[in-house]
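Everything on this sheet refers to the single structure shown next.
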Amino acid sequence: MTISVRFFASLRELVGSSEASLEPTDPLTVQQVWSNTCTIAMPDNTLCAINMEYVDLSQAVKDGDEVAFFPPVTGG
Amino acid sequence: MTISVRFFASLRELVGSSEASLEPTDPLTVQQVWSNTCTIAMPDNTLCAINMEYVDLSQAVKDGDEVAFFPPVTGG
Amino acid sequence: MKWLFSHRLPVAEMTIDIRSEAFNPWTEIQSYQSAQLPAGKYGATASFIGTMRDFNEGDGVQAMTLEHYPGMTENYLTKICNEAMQRWDIIDCLIIHRVGKVEPNDPIVLTVVWSAHRGAAFDACRYLMEELKSRAPFWKKESLASGERWVEKNSPG
Amino acid sequence: MKWLFSHRLPVAEMTIDIRSEAFNPWTEIQSYQSAQLPAGKYGATASFIGTMRDFNEGDGVQAMTLEHYPGMTENYLTKICNEAMQRWDIIDCLIIHRVGKVEPNDPIVLTVVWSAHRGAAFDACRYLMEELKSRAPFWKKESLASGERWVEKNSPG
């Protein structure tokens, strides 16, 4: 399956990339998507979304999903 | 002493006058100012002010006071 | 006595303005803000505008006449602003209120609060409106097709 | 991809507008209201504007860059408006939010709610702002004299 991964704001700078792509053969959780993509540990307050909806780190990803990682939001 | 009396909005129309003047010889309360000025009974929800500050009906008036009677306020 | 109905009372960081003519709330806020507010210092602006509707309690309303108690109205609006400024950390506030004849879609009242942070602006703006409605001596008389009627009480907030 | 940052999504009675250029909130509200709102039907308009300040946490801030997650931001702003429209009896709502480089005194966010009565407008306008701040994916980076820093979290409302 193919998973696209996106990083925003300070996480984008920390990871050094705004996008990545994974083609895992086994099922993955969001947490595992991070581990398989990044060499650094996930910061504590990281938020995650699958296909632009907030999810928990334990959520399983599916083929074609867009997984996003970002810090606490600070709009407004 | 001299007391000026003012009526606003529906009370002005009910009383048929916007202003009155009293020269009482004895001390009066706001309630008595009404009785000495108007022939009709004071409507239940009437509000009163002395010198542009809200007061109770039992408040005593002093020489030179402006006493006002009006219905519940409906601004905004 | 036109001046009684349109003079401004700038006291510290507040302005109370009772108008006998129609006003555009958005241009009023914008010009007040440009003239009075320190650029870069306020992070939050909360405003409320009350506009005349063309119906009330099931009846069509053609026009409305607003009466006030000159002097007492300004006193109470000033009191209310002072109370807000004591309760919340606000930079400035503006109240404009119409008197005289008002037509549907005309703005009746404007309250605006500027502050550093949003909580104070939201709280104080609402406080100004609630207190204005319960204490400031204004009265509305509606013109219906069937004649005129005084509005007897304000709706709760 | 300019369109991603400035397109409008009118869904029923709401408009979400993410802008990459400076906007004047008062003229935006006025023109939106003239074009979209039924004259004589709304009695209450509550608005909030968040403006960039030139200081934060004790430091002078020279500029700010706002990043967002195109698509997800619009989704969440739409969700938030829909929630407000389910909870309160409102006629229309408008959200405008800046992205890109912002300078002190520039408006960052605008939320406006129109309703028949004031309670719904006040409640819903505040709800939009609180939910926007806690859920909509926007991020601020401040430019100080000493360099740049990401804003780590929003202040409570």
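Because only heavy atoms are used, hydrogens play no part in the values below, and waters and symmetry mates are left out as well, while side chains stay in. The model shown is predicted, which means the values in this text are computed figures rather than measured ones.
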Handout entry: Residue, of D/Thr51, D/Leu110, D/Val61, D/Thr27, that accumulates the most heavy atom pairs under 4.5 Å with chain C
Key = D/Thr51
Practice task
Heavy-atom pairs under 4.5 Å with chain C are the metric here; pick the option from D/Pro104, D/Ala121, D/Ala44 that has the most.
Solution key: D/Ala44
Handout entry: C/Ala116, part contacting chain D, at a heavy-atom distance under 4.5 Å
Key = both
Practice task
Please round to the nearest 0.5 Å and tell me the distance separating atom CD of C/Glu148 and atom NZ of C/Lys141.
Solution key: 4.5 Å
Practice task
Take C/Asp92 and C/Tyr42 through the side chain to side chain donor-acceptor pair (under 3.5 Å) test and state the conclusion after the steps.
Solution key: CA-CA 9 Å; C/Asp92 205 327; C/Tyr42 57 95; over 6 Å; no
Handout entry: Structural part of D/Asn24 lying under 4.5 Å from a heavy atom of chain C
Key = side chain
Problem - For chain C, the option from D/Ser47, D/Gly50, D/Gly119 that forms the most heavy-atom pairs under 4.5 Å - result: D/Ser47
Exercise for the section: Please determine if D/Arg118 forms a cation-pi arrangement with D/Phe122, meaning its NZ or CZ atom is less than 6.0 Å from the six-membered ring centre and no more than 45° off the ring axis. Expected result: no
Problem - Whether C/Arg149 side chain and C/Glu152 backbone form a donor-acceptor pair below 3.5 Å - result: no
Exercise for the section: Could you check D/His97, D/Lys133, D/Glu67 and say which one makes a side chain to side chain contact (heavy atoms under 4.5 Å, CB included) with D/Phe138? Expected result: D/His97
Exercise for the section: With a 4.5 Å cut-off on heavy-atom pairs, point out which of C/Arg126, C/His117, C/Gln30 contacts chain D the most. Expected result: C/Arg126
Problem - Pick from C/Ala46, C/Ala39, C/Gly40 with the largest number of heavy-atom pairs that fall under 4.5 Å of chain D - result: C/Gly40
Exercise for the section: Please lay out, stage by stage, how D/Arg19 and D/Ile96 fare under the test side-chain contact (heavy atoms from CB on, under 4.5 Å). Expected result: CA-CA 7 Å; D/Arg19 298 281 185 96; D/Ile96 302 178; 3.7 Å; yes
Exercise for the section: Using non-hydrogen atoms and a 4.5 Å limit, figure out which bit of C/Glu103 sits close to chain D: side chain, backbone, both or neither. Expected result: neither
